[in-house]
Amino acid sequence: SFIRRKIVNLKGKLYLCGIKRNTMDEKIKELIQHYVTFLLEDPSNKYEVYKWQAIKHFQQHWNIEASNFYEMFKEAFRKRGNLVYQNSFSFLDALGKYFPEQLRSLFLIVYGADDFYIKLDKAKTFVENNIDKLRKKLDKENFNHQFDERTLSFLLTMQNPNENTFYKSTLYNQLCDYLDIIPQKERKYKHHIELLLQMLPFLNNPQLNLLKEHFVPQRGDFPLLLAQDIVYQNMNKENEDTKRYWLYS
């Protein structure tokens with residue numbers, strides 16, 4: 001599988017970006033243990049389970065060949081929540097509303113076979129070539145597409161969560177800071193995935209396996225998404241209990 005190949009490629013390295021392997025292992029185990037603590041308090045994972053639900057809903061409704069592409073697009077992404085920047089999605093929505101065939105063409109690029117960054121370059125070129133007529137249609141000269149790594153990672157995760165997951169640069173920077181890694185200046189999403197892949201061997205945790213049954217839907221066991229949720233919840237929870245967990249650690 002994609003994930004197994006990636007793990008094999010990463011194994012055998014004594015260091016990852018300057019961190020000794022055993023040091024990183026301990027930090028990963030700590031993240032997972034904190035996550036288990038969160039789930040013991042909230043087994044339904046009620047604030048983050050929408051990620052799994054959004055993917056399931058998308059895959060039930062997506063059809064690149066739909067005759068009414070815009071209506072299909074709206075329904076497929078209806079449960080997206082805040083997984084993508086509102087401005088980025090507003091561009092996609094406006095393009096679909098007024099020029100649905102251009103939106104279909106964009107998704108043929110996004111869901112094609114190219115590498116992530118080749119897709120990103122092609123998608124940016126496509127939207128920049130099409131945004132002027134959309135600005136005229138909307139009568140908004142400052143209307144922008146904001147098609148970036150987060151936007152593309154969101155679209156790809158909805159389609160193929162086995163090889164992609166949701167991405168935010170702030171979360172990536174927090175994870176690098178926690179692991180004492182210097183964040184990369186470019187190709188951050190690829191590095192983000194590499195870091196999450198380091199976590200996957202540790203997800204076979206008996207307690208975690210029991211707890212995730214409460215919120216992971218059938219055929220929704222996506223390791224990269226679980227790793228992303230573990231990092232997100234550890235890095236972004238603001239309540240006092242979490243602060244005490246970290247203080248104790």
Side-chain angles (χ1 to χ4, degrees), residues 42-112 116 119-120 123-124 126-127 130-131 133-135 137-138 140 143-171 189 192 212-233 236:
D42 177 21
S44 67
N45 199 10
K46 62 183 177 183
Y47 295 113
E48 299 303 321
V49 70
Y50 77 98
K51 299 172 186 174
W52 283 264
Q53 295 169 344
I55 292 172
K56 181 179 179 180
H57 184 82
F58 170 87
Q59 296 187 347
Q60 288 173 338
H61 293 88
W62 181 257
N63 178 10
I64 192 72
E65 298 178 353
S67 57
N68 191 330
F69 190 79
Y70 178 57
E71 290 302 319
M72 181 283 300
F73 160 83
K74 287 195 299 180
E75 180 57 33
F77 286 102
R78 182 165 58 84
K79 296 190 176 183
R80 68 190 180 278
N82 63 351
L83 294 172
V84 62
Y85 287 125
Q86 182 56 45
N87 287 349
S88 301
F89 194 82
S90 293
F91 164 77
L92 298 175
D93 185 74
L95 185 64
K97 182 177 180 179
Y98 294 107
F99 305 103
E101 289 308 313
Q102 279 80 359
L103 182 62
R104 192 196 306 267
S105 296
L106 175 58
F107 272 99
L108 287 172
I109 295 171
V110 168
Y111 292 154
F116 181 91
K119 287 182 182 182
L120 185 60
K124 282 184 175 180
F126 181 88
V127 298
N130 284 274
I131 198 168
K133 59 183 178 183
L134 186 56
R135 286 171 176 157
K137 191 74 174 180
L138 298 171
K140 293 182 178 179
F143 189 70
N144 294 311
H145 58 78
Q146 293 190 328
F147 201 103
D148 57 7
E149 284 181 298
R150 183 181 180 186
T151 305
L152 182 56
S153 67
F154 161 74
L155 298 176
L156 292 176
T157 302
M158 299 293 273
Q159 183 229 17
N160 188 358
N162 287 308
E163 297 187 10
N164 300 278
T165 199
F166 302 116
Y167 167 81
K168 288 179 69 175
S169 60
T170 52
L171 186 63
Y189 175 72
H192 174 70
K212 73 181 184 181
E213 290 180 2
H214 293 283
F215 64 90
V216 174
Q218 188 176 12
R219 294 188 296 278
D221 192 2
F222 308 123
L224 281 173
L225 179 55
L226 184 61
Q228 187 272 349
D229 196 46
I230 289 170
V231 173
Y232 176 80
Q233 295 216 44
N236 286 274

Residue pair Phe58, Gln159: steps toward the side chain to side chain contact (heavy atoms under 4.5 Å, CB included) verdict: CA-CA 8 Å; Phe58 170 87; Gln159 183 229 17; 4.1 Å; yes

Donor-acceptor pair between Ser90 and Asn87 side chains, under 3.5 angstrom: no

Ring geometry between Phe154 and Phe77 (parallel below 30°, tilted from 30 to 60°, perpendicular above 60°): tilted

Aromatic plane relationship, Tyr70 with Phe73 - under 30° parallel, 30 to 60° tilted, over 60° perpendicular: parallel

Smallest separation among heavy atoms of Ser153 and Phe116, with atom names: N-CE1, 3.9 Å

Worked verdict on Tyr189 versus Leu152 for side chain to side chain contact (heavy atoms under 4.5 Å, CB included): CA-CA 10 Å; Tyr189 175 72; Leu152 182 56; over 6 Å; no

Gap between atom NE2 of His192 and atom CG of Leu171 - 0.5 Å precision: 6.0 Å

Spatial distance of atom CG (Leu92) from atom CG (Leu155) [nearest 0.5 Å]: 6.0 Å

Donor-acceptor contact below 3.5 Å, side chain Asn236 vs main chain Tyr232: yes

4.5 Å side-chain heavy-atom contact, Tyr85 and Asp148: yes

Short side-chain donor-acceptor distance under 3.5 Å, Ser105 and Glu101: no

Asp93 CG to Ser88 OG distance, which is reported to the nearest 0.5 Å: 12.5 Å

Test side-chain hydrogen bond (donor to acceptor under 3.5 Å, both in side chains) applied to Glu149 - qualifying residues, sequence neighbours left out: Tyr117

Approximate separation, where rounding is to 0.5 Å, of Met158 CE and Asn164 CG: 12.5 Å

Non-hydrogen side-chain atoms of Glu163 and Leu156 separated by less than 4.5 Å: no

Within 45° cone and under 6.0 Å: Lys133 NZ/CZ vs Phe99 ring: yes

Side-chain touch Arg104/Ile64, heavy atoms, less than 4.5 angstrom: yes

Phe107-Phe126 aromatic ring centre distance below 6.0 Å: no

Pair Leu83-Tyr50, side chain to side chain contact (heavy atoms under 4.5 Å, CB included): steps then yes or no: CA-CA 10 Å; Leu83 294 172; Tyr50 77 98; 3.6 Å; yes

Exam field: side chain Lys168 to backbone Arg150, donor-acceptor pair closer than 3.5 Å: no

Minimum heavy-atom distance Val84-Thr151, with the two atoms named: CG2-CA, 4.3 Å

Minimum side-chain heavy-atom gap Thr157-Tyr167 below 4.5 Å: no

Nearest-0.5 Å distance, CG of residue Asn160 to OG1 of residue Thr165: 11.0 Å

Exercise: identify the closest heavy-atom pair between Asp229 and Asn45: OD2-ND2, 3.1 Å

Gap separating the CD atom of Gln228 from the CD atom of Gln233, nearest 0.5 angstrom: 9.0 Å

Nearest non-hydrogen partners of Lys212 and Leu226, listed with the distance: CD-CD2, 4.1 Å

Minimal non-hydrogen separation, Val127 against Leu106, with atom names: CG1-CD2, 3.8 Å

Pairs flagged by side-chain hydrogen bond (donor to acceptor under 3.5 Å, both in side chains) wherever residues 53-65 is involved - sequence neighbours left out: His57-Glu75

Closest approach of Gly220 to Val216 (non-hydrogen atoms, all atoms of both residues): O-CG1, 3.2 Å

Neighbour count >12 (heavy atoms, 6.0 Å) for atom NZ, Lys74: yes

Flag side-chain contact, heavy atom, 4.5 Å: Leu225 against Pro161: no

Working for side chain to side chain contact (heavy atoms under 4.5 Å, CB included), residues Ile131 and Phe147: CA-CA 12 Å; Ile131 198 168; Phe147 201 103; over 6 Å; no

